[in-house]
Amino acid sequence: MKKIIFTDKAPAPIGPYSQAVLRGDTLYASGQIAINPATGELVLDTIEAETEQVMQNMKAVLQAAGMTFENIVKTTIFIMDMNDFGKINTIYGSYFNEKTAPARETVQVACLPKNVNVEISMIAIL
């Protein structure tokens, strides 16, 4: 049986999907973009600030499921411009222990929701 995970500390879904779904001991989290859940506004000042907001949103979803970044086994990073990869990677990397970091792929895409520059999704296991 699946359990829907929702927290008001991360942006509410903007379509027919859940922030995350827990099935057994596995959490499947939807992609997070840089919406500040307190204001509903996008954080697009810099790619670093945008990535930081994405990671904070991911943290809120993890916490709602009783998990931390250590539980993540796989992430996918979607970016608009591969030239931003280094800056995104620096912020992203600060949330993980390099020795236990999850598997990951990073893909440059043509467009993301609300014309943001980065979106990150994850899979985590208890």
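In what follows, every heavy atom counts, from backbone to side chain, and hydrogens, waters and symmetry copies are set aside. Residues: numbered from 1 along the sequence shown. Note that the coordinates shown come from a computational prediction; the quantities given were computed from them, not determined experimentally.
- To the nearest 0.5 Å, the span separating CD1 on I88 from CE on M80 amounts to 11.0 Å.
- Checking S121 against Q32 by side-chain atom types alone, no donor-acceptor pair falls below 3.5 Å.
- Considering all non-hydrogen atoms of both residues, A34 and V54 come closest at N-CG2, 3.6 Å.
- Residues E70 and N97 have side chains in contact (heavy-atom distance under 4.5 Å, counting atoms from C-beta outward).
- Following chains of ILVMFWY side-chain contacts shorter than 4.5 Å, one can reach L112 starting from L44, so the two form part of one hydrophobic cluster.
- With values rounded to the nearest 0.5 angstrom, S30 atom OG is found 11.5 Å from I5 atom CD1.
- Annotation: side chain of D45 is not in contact with side chain of E50 (no heavy-atom distance under 4.5 Å).
- Counting only heavy atoms from C-beta outward, the side chains of I72 and L62 approach each other to under 4.5 Å.
- Grouping the Ile, Leu, Val, Met, Phe, Trp and Tyr side chains by contacts below 4.5 angstrom, directly or via other members, places I91 with I79.
- Here the CG atom belonging to D84 is positioned 9.0 Å from the CD atom belonging to Q108, to the nearest 0.5 angstrom.
- Counting only distance, with no hydrogens or angles, the side chain of Q19 and the backbone of P13 share no donor-acceptor pair below 3.5 Å.
- Among residues two or more places apart in sequence or in another chain, the salt bridge (charged side-chain N to carboxylate O under 4.0 Å, His left out) test is passed with K74 by E105.
- The distance from atom CE of M122 to atom CZ of R104, rounded to the nearest 0.5 Å, is 15.0 Å.
- Across all their heavy atoms, P11 and P37 have their closest contact at N-CB, 3.8 Å.
- The two residues F78 and V109 come nearest to each other via the heavy atoms CD2-CG1, 3.9 Å.
- Screening I120, V116, N117 for a side-chain contact (heavy atoms from CB on, under 4.5 Å) with I33, the sole residue that qualifies is V116.
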Just do the side-chain contact (heavy atoms from CB on, under 4.5 Å) check on T51 and K87 with the steps written out, would you? CA-CA 9 Å; T51 305; K87 293 175 182 177; over 6 Å; no
Give the intermediate values and the outcome of side-chain contact (heavy atoms from CB on, under 4.5 Å) for residues E52 and T46. CA-CA 10 Å; E52 182 68 33; T46 65; over 6 Å; no
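- For the pair T75 and P102, the tightest heavy-atom approach, listed with the atom from each and the gap, is CG2-CG, 4.1 Å.
- Rounded to the nearest 0.5 angstrom, L42 CG and I35 CD1 are separated by 5.5 Å.
- The closest donor-acceptor contact from the side chain of S18 to the backbone of V21 lies at 3.5 Å or more, if one exists at all.
- The distance from atom OG1 of T68 to atom NZ of K59, rounded to the nearest 0.5 Å, is 10.0 Å.
- The minimum heavy-atom distance linking V107 with M82 is given by the pair C-CE, 4.3 Å.
- The stretch residues 84-107 participates, sequence neighbours left out, in these ring-ring contact (aromatic ring centres under 6.0 Å, His included) pairs: F69-Y95, F69-F96, Y92-F96.
- Put simply, the side chain of Q63 does not reach to within 4.5 Å of the side chain of T7, judged on heavy atoms.
- K9 is not listed as a side-chain neighbour of V61, based on a closest heavy-atom distance of 4.5 Å or more.
- Legend: residues meeting side-chain hydrogen bond (donor to acceptor under 3.5 Å, both in side chains) with N36, ordered by chain and number and at least two apart, are absent.
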